[in-house]
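Small disclaimer: the values here were computed from a predicted structure and weren't measured. Remember, it's 1-based here, ligands and their atoms both numbered in the order they're listed.
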Amino acid sequence: MLDEKLDDIYDEVLRRNPAEPEFHQAVREVLGSVGPVLTKFPQYTAQKIIQRICEPERQIIFRVPWQDDNGDVHINRGYRVEFNSALGPFKGGLRFHPSVSLGTVKFLGFEQIFKNSLTGMPIGGGKGGSDFDPKGRSDNEVMRFCQSFMTELYRHIGEYTDVPAGDIGVGTREIGWMFGQYKRITNRYESGTLTGKGLSWGGALVRPEATGYGAVFFLQEMLKVQGREIEGRTCVVSGAGNVAIHAIEKLQQLGGRVLACSDSQGYVYDPDGIDLPTLRQVKEVERERLTKYVEYRPGATFHKRGNIWEVPTEVALPCATQNELAAADARLLVANGCLAVAEGANMPTTPEGLDVLRAGGVLFGPGKAANAGGVATSALEMQQNAARDSWTFAHTEAKLGEIMSSIHEQCAATAEAYGRPGDYVLGANIAGFVKVADAMVALGLI
Ligand code: NDP
């Protein structure tokens, strides 16, 4: 239930943004937390901060024409939603996936505002992408697509304006092709314009690992409050991409036993624990489907179209995509004695799923807090670019650890201050919101 005033605002969001269910979901979740803040700080209502924060500063939609290897022409749609720059330049990834629509990009951009605020770094929120499907495309095809995408995007971005990074379907390879095209068009080696770059051309150590590692650090902090640790616990991680692989790596380094991971076709169960070198060989070197994993590991089984949440586990990290953990999945987790869920992906748990986890007493780390390590390390990459410096792995990982622990502390302290101890969703939403709202008030009517 929303407060009456917020209910009206939400209705207006629905009316102004039809057919964007993921965006509606993300807005509703934040509005569900901020009621008490409006009572405490009436200036936010007077300044219509909620209405302003729900309206992106700028939305860019563009045509992306490209040619495949046979010379056939394809047309995709590109998006960049520059949502809020009260705290710094717009910052957020680019997603290449056939499911991408304006509503997807808006939900991700909206979440990004509060996530970036929680990091404590000077970055605003934005997101972008395309409905382009990189699967099954040759390197040359993906490169031509990236070049065409950047041929339009370049005029909207820059180190002081908007700094994109990767997300689903966009890793170091794609960032390289986009950065190359940006450099070529602008004639400027402006490293701070994109993050997630390769090490030899302006990238930073720990950026590839940061989202997955950060989610595990957040999990570790949540468990610590209860006097528990990761060591010896069974873990299940959905996804098999950048975030999942690095979450698995950190869980294993901390003594967790990761039994399963997944992709969009099903999940792998490995009773001896997921073998990371094999997973990396299949996903990063061969760029193959996860089914290939079981060819290398005869003890493991692939469950086609299977539901990964049916695997009994103490710890669950959804690291694939939005709304992948629904109420029925949450019931399975609770029935199997799951202690904690930390979201590596963005909004992977449905509102009904969250209700079930809450009722089951499961610790829950929401994505905007738990997966903020990726964007925080992107901001560290920007710092290094600006200073023409590069830090060691150990130094950067230690910084990431400090940032995640500070985010955990902010969420926990805010939840406590608002009378809901242990509610990290409320804590993250309020702590993230207040900083942005204060900046918006201070900057005048923007
Ligand atoms: P990748 O493209 O590297 O991997 C995505 C993984 O999720 C793949 O295993 C993919 O399987 C699976 N997946 C994607 N879409 C679906 C779907 N519709 N149904 C089932 N499985 C799906 O992306 P990332 O690891 O970078 O991103 C994963 C999540 O983490 C996303 O929600 C992203 O927004 C979030 N995130 C990422 C950050 C980053 O730094 N990269 C930062 C913060 C959040 P398949 O190959 O079969 O499609």
*Asks:* Check whether the ring centres of Y424 and H408 lie less than 6.0 Å apart, and answer yes or no.
*Replies:* yes
*Asks:* Is the distance from the ring center of F90 to that of Y160 below 6.0 Å?
*Replies:* no
*Asks:* Ring centroid separation for W66 and F149, is it under 6.0 angstrom?
*Replies:* no
*Asks:* Quick check: F62 with Y79 (ring centres under 6.0 Å apart)?
*Replies:* no
*Asks:* Side-chain donor-acceptor pairs under 3.5 Å in residues 212-222, sequence neighbours left out?
*Replies:*
from: Y213; atom 1: OH; to: E249; atom 2: OE1; distance (Å): 2.6

*Asks:* Does K183, at its NZ atom, have more than 12 non-hydrogen atoms belonging to other residues, nucleotides or ligands within less than 6.0 Å?
*Replies:* no
*Asks:* Ligand 1: which residues have a non-hydrogen atom closer than 4.0 Å?
*Replies:* R95, H97, K135, D167, I168, G169, R207, T211, G239, A240, G241, N242, V243, S262, D263, S264, R289, C319, A320, T321, G344, A345, N346, N371
